[in-house]
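Quick notes on the structure that follows.
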Amino acid sequence: MTWQFTLTGLGLGLIVGLTGVGGGSLMTPILIIVFGFKPTTAVGTDIFHGAIFKSFGAIRHRRLSTVHGHLALWLFLGSGPLAIAGVAASYVLRNSLSSAETILGYAIGVALIGGGAGFLAKSLVKRGVQPIDQPFIMSRRDKLIAFGTGAVFGFIVGLTSVGSGTYFGLMMVMVYPLTMPRIVGTDIFHAAALLWVAGVGHLIIGDVDLHATAWLLLGSVPGILISSRYTVKVPDMTIRGGLAGILIISGLKLLNVPEANWVLGGGLIFILVVLTIYTVRVMLSEQPGTTPERA
């Protein structure tokens, strides 16, 4: 397969560029469910592709001065070493248990459900603290929270590839008084650094399909470079709700719930119908001259 990978990368690149949300979270379930990759190879390929892919965004945000360097550093001090621990755990599982792929598949399924829920919460939750215009100086407590968050979720990312752009962003929204541009920039910058560490680890243990990575990048990099010049007028909740729903039902599929194929197909149809109705209602209500319905 070649063009199929490129088309997949292009689609995900367009989603990320147009919407600014984490379409890259879909890569691992797509590689497993659609392309039939082993979970270990899907995780390694996704992480290594993401390291290169997100580096473009990281460089851009650094140039725009939307990265809080100290916060990214303290997150990485926790996430970097624990991501390697996650890679090592994957390696030990693969070489010591005959059912390693099944176990990792279940772990990815749980992480996808958690990631989808976290992604939705990131959209719905109100700010834990209000942003400030002054420079944010981290206290000892702020550093410990960042380090602990990085350690916990860095391990999950290293093991499953899920959550590099979800868990950390949600934590920053809740805890730190940063503006949204700085949260997004710091999140992407840290994710790129984390994925490089985990990606090189997976490359060393042989879990990266370089052929697939190259063809995915051939689509995803042009996709994000082209689409980032434009914006879409689709409601933000439609995009985020759709991606969260897809992550959750993909997780259920990997957990092999009863009638998993029906859950996947029916779930996708349900999400499509509900979000289409929601989007049409929102866009009609925003049209000039449209008056809201009275009860």
Side-chain angles (χ1 to χ4, degrees), residues 22 24-25 27-28 39-55 58 67-97 100-101 103-119 121-122 138 140-176 183 186-208 247 251 254:
S25 302
M27 183 65 75
T28 291
T40 50
T41 307
V43 168
T45 302
D46 181 12
I47 289 178
F48 195 70
H49 166 268
I52 301 172
F53 181 64
K54 288 199 173 184
S55 293
V67 176
H68 193 291
H70 285 167
L71 177 53
L73 173 62
W74 278 98
L75 284 169
F76 183 74
L77 288 176
S79 65
L82 268 295
I84 293 297
V87 175
S90 174
Y91 180 77
V92 171
L93 278 173
R94 188 185 66 186
N95 289 278
S96 60
L97 295 175
E101 297 292 349
I103 294 173
L104 186 56
Y106 287 150
I108 294 170
V110 172
L112 285 172
I113 294 172
F119 193 71
K122 188 177 171 183
M138 296 182 70
R140 181 180 179 182
R141 172 181 174 273
D142 295 325
K143 294 174 182 178
L144 289 175
I145 292 174
F147 180 85
T149 302
V152 172
F153 295 119
F155 180 82
I156 295 175
V157 171
L159 181 64
T160 69
S161 82
V162 178
S164 64
T166 300
Y167 302 127
F168 300 103
L170 178 60
M171 181 275 299
M172 283 188 273
V173 167
M174 293 298 297
V175 176
Y176 298 113
I183 288 176
T186 304
D187 192 14
I188 291 177
F189 189 84
H190 165 258
L194 167 60
L195 292 176
W196 269 114
V197 170
V200 170
H202 279 287
L203 183 65
I204 291 173
I205 66 175
D207 282 346
V208 178
L247 289 175
L254 292 179

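All figures in this text were calculated on a predicted structure; none of them were measured in a lab. No hydrogens, no waters, no symmetry mates; every other heavy atom, side chains included, goes into these values.
- Ring centroids of His190 and Phe168 are separated by less than 6.0 Å, placing the two rings close together.
- Rounding to the nearest 0.5 angstrom, the gap separating the OH atom in Tyr106 from the CD atom in Glu101 is 13.0 Å.
- The nearest pair of heavy atoms linking Leu77 to Pro81 is O-CD, 3.3 Å.
- Across every non-hydrogen atom of Ala198 and Gly158, the tightest pair is CB-CA, 4.4 Å.
- For the atom pair CD1 of Ile84 and CZ of Phe155, the computed distance is 12.0 Å after rounding to the nearest 0.5 Å.
- Looking at heavy atoms from C-beta onward, Tyr176 lies in side-chain contact with Ile145 at the 4.5 angstrom threshold.
- Leu71 CG to Met172 CE: the interatomic distance, rounded to the nearest 0.5 Å, is 6.0 Å.
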(request) Just do the side chain to side chain contact (heavy atoms under 4.5 Å, CB included) check on Trp196 and Ser55 with the steps written out, would you? (result) CA-CA 9 Å; Trp196 269 114; Ser55 293; 2.8 Å; yes

(message) Show, in sequence, the C-alpha distance, side-chain angles and deciding distance for Phe76 and Val197, and conclude whether the side chain to side chain contact (heavy atoms under 4.5 Å, CB included) test is met.
(response) CA-CA 10 Å; Phe76 183 74; Val197 170; 3.4 Å; yes

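- Thr28 and Ile108 get closest at one heavy-atom pair: CG2-CG2, 3.9 Å.
- Separation of atoms CG (Leu195) and CD1 (Ile52) is listed at 10.5 Å; rounding is to 0.5 Å.
- Contact of the Val43 side chain with the Ser90 side chain is not registered, since no non-hydrogen atoms from C-beta on lie closer than 4.5 Å.
- Across every non-hydrogen atom of Ala111 and Ile156, the tightest pair is CB-CG2, 4.4 Å.
- Nearest heavy-atom pair across Leu75 and Ala146 is CD2-O, 3.4 Å.
- Taking OG1 of Thr41 as the start and CG of Leu104 as the end, the distance is 10.0 Å to the nearest 0.5 Å.
- The two residues Ser161 and Ile47 have their closest heavy-atom pair at CB-CG1, 3.4 Å.
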(request) Please assess Val162 against Val157 for the test side chain to side chain contact (heavy atoms under 4.5 Å, CB included), listing each intermediate value before the final yes or no. (result) CA-CA 5 Å; Val162 178; Val157 171; over 6 Å; no

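- We find the NZ-CG distance between Lys54 and Asp187 to be 6.5 Å, quoted to the nearest 0.5 Å.
- Ring geometry for His70 against His68 counts as perpendicular: the plane angle is over 60°, on a 0 to 90° scale with 30° as the lower cut.
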(request) Go through Val173 and Ile183 one step at a time and tell me if the side chain to side chain contact (heavy atoms under 4.5 Å, CB included) criterion holds. (result) CA-CA 7 Å; Val173 167; Ile183 288 176; 3.9 Å; yes

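- The side-chain contact (heavy atoms from CB on, under 4.5 Å) check on Tyr91 picks up Arg94, Asn95, Ile205, with sequence neighbours excluded.
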